[in-house]
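Comments concern the structure below.
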Amino acid sequence: MRIEVNGESVTTGAASLAALLEEQGHDAASVATALDGAFVPRAARGTAALKDGARVEILAPMQGG
Amino acid sequence: MFYGTELQNRLFLGTAQYPSPQILSEAIAVAGSEVITVSLRREGREGAGFRDILKDAGCRILPNTAGCHSVREAVTTAQMARELFGTAWIKLEVIGHADTLQPDPFALVEAARILCAEGFEVFPYTTEDLILGEKLLEAGCEVLMPWGAPIGSGQGLRNIEGLRSMRAHFPGVPLVIDAGIGAPSQAAQAMEMGFDAVLLNTAVAKALDPVAMARAFSGAVAAGQEAHRAGLMPRRDMAAASTPVFGMAELA
């Protein structure tokens with residue numbers, strides 16, 4: 001299926017958010033995630049199912065004012 | 001006290017726009033800042049390095065919701081920040097206009113209410129409007145962060161009388177001047193007026209020598225704070241001789 005990850009179109013076989021992070025090689029402990037505009041806590045990533053067209057955000061600490 | 005936390009150093013420092021990570025680290029150290037602001041962005045290559053800087057700095061982290069224009073964006077960003085940084089502190093920005101970066105007061109209050117109810121300790125980026133300040137306190141905020149001037153403008157305290165009224169109106173509330181400070185003298189002025197802290201970024205990060213400027217700001221904030229504690233003399237319209245007239249020789 002095709003989903004959007006951080007604004008880019010991605011083809012994935014991952015069924016859950018947790019699986020997607022692993023597939024993409026993210027360090028699961030050092031990112032925060034949102035699915036379709038809603039926060040998904042770390043503990044809920046395994047049960048957060050991805051559907052075709054899902055919008056995923058994977059955010060990390062960055063400089064800010 | 002900022003949500004139960006006592007801070008000696010009252011210069012909160014932003015971490016963006018520095019020439020290099022090394023200079024950022026040095027600026028934080030030289031300023032002696034206990035609070036630094038950070039943001040959340042899409043995972044990039046420099047992420048890991050920045051995490052190390054944050055750890056080494058040993059400061060309290062104040063994540064922001066910079067760039068958010070709606071309640072939903074700001075709330076989601078805050079929730080993500082709480083998990084990632086392990087802190088309930090959030091600098092709540094809900095921007096009303098892309099050019100002025102002025103806060104949207106209505107969305108700000110709504111987002112603050114939601115976040116306070118979820119246990120966040122909200123530092124709202126607000127204006128000097130007194131009613132807005134009251135609504136934010138009603139929403140559960142225990143700190144207010146009025147702007148000095150538009151973000152990144154370096155104009156200093158653009159509405160001094162309004163800020164003075166705000167200070168007088170909220171005597172027990174920690175007030176932080178956030179944004180618009182361009183020079184150490186402006187930071188000192190804010191502290192002399194009785195504000196509790198100053199939050200700035202661009203003025204240090206974009207200085208020719210950011211580390212030296214961090215030191216200058218740190219000194220200015222400390223001087224202003226000390227001056228406020230010491231009690232400034234009242235301003236007079238007329239001159240008043242400081243040297244006693246009594247005992248003066250007749251030489252004319």
Side-chain angles (χ1 to χ4, degrees), chain A, chain B residues 12-18 21 24 36-55 61-67 70 72-73 75-86 91 93 101 118 125 151-152 178-181 199-206:
Chain A
M1 65 185 156
R2 291 195 78 75
I3 62 170
E4 217 175 82
V5 179
N6 286 356
E8 287 185 15
S9 185
V10 167
T11 304
T12 180
S16 71
L17 199 48
L20 178 74
L21 288 180
E22 197 172 330
E23 184 186 271
Q24 294 221 324
H26 288 287
D27 175 10
S30 50
V31 293
T33 50
L35 177 57
D36 295 327
F39 170 55
V40 179
R42 228 166 258 158
R45 287 175 190 163
T47 51
L50 298 180
K51 297 190 178 65
D52 199 48
R55 290 179 302 114
V56 173
E57 291 287 344
I58 303 170
L59 304 188
M62 211 58 64
Q63 293 85 346
Chain B
F12 298 1
L13 208 52
T15 56
Q17 301 180 303
Y18 288 80
L24 165 62
I36 53 175
T37 58
V38 299
S39 71
L40 277 186
R41 288 293 180 260
R42 287 169 170 173
E43 171 76 313
R45 250 162 281 141
E46 66 273 47
F50 187 58
R51 276 194 292 277
D52 291 341
I53 289 177
L54 296 185
K55 214 164 68 192
I61 304 291
L62 178 57
N64 68 28
T65 62
S70 70
R72 183 179 157 89
E73 280 177 296
V75 167
T76 302
T77 302
Q79 291 166 336
M80 295 173 85
R82 176 159 66 175
E83 182 182 73
L84 201 50
F85 295 106
K91 170 179 163 178
E93 288 183 43
L101 300 180
E118 291 185 14
Y125 163 62
I151 294 173
D178 175 15
I181 297 287
L199 197 173
L200 56 92
N201 187 345
T202 311
V204 168
K206 291 294 190 188

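Put simply, of B:Ser39, B:Gly14, B:Ala16, B:Ala179, the one with the most heavy-atom pairs under 4.5 Å next to chain A is B:Ser39. Your options are B:Thr76, B:Asn201, B:Leu84, and the one with the most heavy-atom pairs under 4.5 Å with chain A is B:Leu84.
With sequence neighbours excluded, the residues forming a side chain to side chain donor-acceptor pair (under 3.5 Å) with A:Thr33 are A:Arg45, listed by chain and number. When the side chain to side chain donor-acceptor pair (under 3.5 Å) test is applied to A:Ser9, the partners found at least two apart in sequence or on another chain are A:Arg2.
Interface remark: B:Glu93 contributes side-chain atoms only to the contact with chain A (heavy atom separation under 4.5 Å). Heavy atoms of B:Arg41 lying under 4.5 Å from chain A belong to its backbone as well as its side chain. Heavy atoms closer than 4.5 Å to chain A are found nowhere in B:Tyr18, neither backbone nor side chain.
Here the CD-CZ distance, from A:Gln63 to B:Phe50, works out to 4.5 Å after rounding to the nearest 0.5 Å.
Taking every heavy atom of both residues into account, A:Pro61 and B:Leu54 meet most closely at CB-CD1, 4.3 Å. Nearest heavy-atom pair across A:Ala60 and B:Arg51 is CB-NH1, 4.3 Å.
The interface of residues 19-31 of chain A with chain B, defined by heavy-atom distances below 4.5 Å, comprises A:His26, A:Ala29, A:Ser30, A:Val31. For residues 50-59 of chain A, heavy-atom neighbours of chain B at less than 4.5 Å comprise A:Glu57, A:Ile58, A:Leu59, sorted by residue number.
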